[in-house]
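First comes the structure, then the notes that go with it.
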Amino acid sequence: MKSFQLIGLAAAFCMALILSNTFLCHAYEDTQCFQCHTSAKKLIEATREIAKARPALKSAETSGEG
Amino acid sequence: MESLAPHEKILVDSDIVDDENHGEIACHECHGGNPDDPNWKTAHKGVVKDPTYPDASTACGDCHDEINENYQKSLHVSLRPYKLIIDERASSNTVIRNKLGCAMNTHCSKCHSSCGQCHISRPNSVEGGFLDGHLFQKKPPMQEVCTACHGSRIQKEYLGEHEGLLPSIHKEKYMKCDKCHTGEEMHGNGKDYAHRYDVENGPKCVDCHKEIYKREAKNVITHRIHKDKASCHVCHSQPYNNCSACHVGKDKQGLAFFKTKSSWFDFKIGFNPLKSEKRPEKFVTLRHIPVDRGTFDFYVKDALSNFDTVPTWKLATPHNIRLKTTQNASCNACHGNESLFLLEKDVEDNEKGANKNVIVPVNLIPKKQKWQPK
């Protein structure tokens with residue numbers, strides 16, 4: 001095998017490795033968690049819905065310095 | 001500090017995928033839940049909001065093994081001194097102690113931190129919310145994390161937010177909390193300290209100001225004369241905030257609340273209640289803390305029946321240091337100046353017993369000086 005063929009093979013191998021790593025690293029980008037939690041619009045809708053259903057969490061009686 | 005909008009608290013920055021250390025970890029690996037469920041209500045079943053509290057060994061420990069070994073004893077996580085000091089004041093009656101324990105869990109124990117509540121989000125006690133879209137912060141930002149909790153006293157003193165008082169000179173030198181309070185101190189070293197002033201790698205002024213006792217140093221005489229007699233704060237603090245009469249309870253909706261009666265500015269020098277090899281000074285600055293005989297009355301009467309065992313004027317290291325202060329303007333600005341010292345008349349009658357060891361009798365106030373150093 002000639003040297004330029006070897007270099008080409010090595011380059012193709014490296015490229016494949018990088019692409020597969022990228023794919024693996026970012027696999028969770030497709031998950032529902034990532035899709036929703038990176039979208040302000042979706043979170044605004046969800047948190048408004050939560051706020052309607054949830055009672056106050058903090059007492060209005062707290063006063064003074066803590 | 002203003003709260004974030006509800007959606008801002010949980011909005012993730014998509015750049016997290018580029019984080020070379022954490023970007024490979026999928027959300028559900030730490031937080032649980034179902035990443036494939038398109039319905040957010042059911043997808044969140046089993047989700048853990050802060051997977052680093054109370055046990056961070058799975059979420060962080062696999063990689064950060066050294067920190068993982070010790071962090072449970074970090075005072076920010078264990079809150080051990082709080083528990084010990086309340087225990088000292090508490091009644092020995094088991095029924096009362098159990099009720100007190102419930103009250104402590106409802107109120108005091110909420111103010112802890114965790115890996116996540118310093119490096120990813122604001123602490124829960126200030127309503128949380130991601131610091132920067134869940135991007136991991138190696139150094140927690142001062143105002144969103146440190147002073148978010150340590151606000152009433154430390155933040156206002158350090159930043160000079162009290163009317164008529166200057167910020168700390170260290171703030172003017174652009175120093176943030178972590179300059180003195182290192183990660184090593186925050187993460188704990190495995191020792192179960194009974195008091196924050198016992199922490200071995202806690203900051204000491206001389207860590208940076210090494211030269212003050214050297215012959216060629218400015219004010220070397222003054223520093224040498226006062227070494228082990230007065231803490232640095234006695235000469236270099238400005239007046240600081242004091243609180244009293246904290247009472248805790250639950251409102252009609254069952255929500256926990258606290259109320260403090262009053263707060264005031266004062267500067268009081270007293271006897272050192274925590275004299276040690278590390279803090280050998282006779283005189284230190286004392287701050288009135290908000291504890292009261294009736295703090296837990298809502299839950300159980302006479303919970304603190306041994307109230308007098310611990311002073312309510314407590315060793316303090318106010319964060320409003322200045323090179324020049326009113327009391328160090330001259331020797332006699334302090335010597336013989338009764339108003340600077342915690343005298344019996346300054347202490348409430350029902351707290352005189354608790355503070356008997358820190359009150360300075362008038363005859364023990366350092367006498368006026370005829371000699372003045374140049």
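Each chain gets a letter, A, B and so on, in the order the sequences are listed, and its residues count up from 1.
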Inspect the contact between A/Glu49 and B/Lys41 and indicate whether a charged nitrogen and a carboxylate oxygen are less than 4.0 angstrom apart. yes
Roughly how far, to the nearest 0.5 Å, is CD1 of B/Ile16 from NE2 of A/His37? 11.5 Å
A quick test of your reading: do over 12 heavy atoms of other residues, nucleotides or ligands sit less than 6.0 Å from CZ of B/Phe257? yes
Among residues 1-9 of chain B, those lying within the under-4.5 Å heavy-atom range of chain A are B/Pro6, B/His7
Would you mind checking which part of B/Asp36 comes under 4.5 Å of any heavy atom in chain A, side chain (CB onward), backbone (N, CA, C, O), both or neither? backbone
Distance from B/Phe258 atom CZ to A/Ser59 atom OG, nearest 0.5 Å? 10.0 Å
About how many Å separate NE2 of B/His28 and OG1 of A/Thr31, when rounded to the nearest 0.5 Å? 8.0 Å
What part of A/Ala60 lies closer than 4.5 angstrom to a heavy atom of chain B: side chain, backbone, both or neither? backbone
CD of B/Glu348: more than 12 outside heavy atoms within 6.0 angstrom? no
Side chain / backbone / both / neither for B/Asp37 at chain A, heavy atoms under 4.5 Å: backbone
How long is the span from the CH2 atom in B/Trp40 to the OG1 atom in A/Thr47, to the nearest 0.5 Å? 8.5 Å
Rounded at 0.5 Å granularity, tell me how far CG in B/Leu11 sits from NZ in A/Lys42. 12.5 Å
Would you mind checking which part of B/Ala26 comes under 4.5 Å of any heavy atom in chain A, side chain (CB onward), backbone (N, CA, C, O), both or neither? both
So what's closer than 4.5 Å to chain B heavy atoms on A/Cys33: side chain, backbone, both or neither? both
Only pairs of heavy atoms separated by less than 4.5 Å count here; which of A/Lys58, A/Glu45, A/Gln32 has the most with chain B? A/Gln32
Once you round to the nearest 0.5 Å, how far does OG of B/Ser14 lie from CD of A/Gln35? 10.5 Å
Of all of A/Ala51, A/Ala40, A/Cys36, which one pairs up most often with chain B through heavy atoms under 4.5 Å apart? A/Ala40
Go through the steps for B/Val17 and A/Glu29 under the test side-chain contact (heavy atoms from CB on, under 4.5 Å), then give the verdict. CA-CA 8 Å; B/Val17 296; A/Glu29 281 182 82; 3.6 Å; yes
Cut-off 4.5 Å, heavy atoms of chain A, and the answer for B/His31 is neither
Candidate pair A/Tyr28 and B/Ile25, rule side-chain contact (heavy atoms from CB on, under 4.5 Å), full reasoning: CA-CA 8 Å; A/Tyr28 67 86; B/Ile25 308 166; over 6 Å; no
Please walk me through it: do A/Thr38 and B/Asp13 pass side-chain contact (heavy atoms from CB on, under 4.5 Å)? CA-CA 6 Å; A/Thr38 51; B/Asp13 188 328; over 6 Å; no
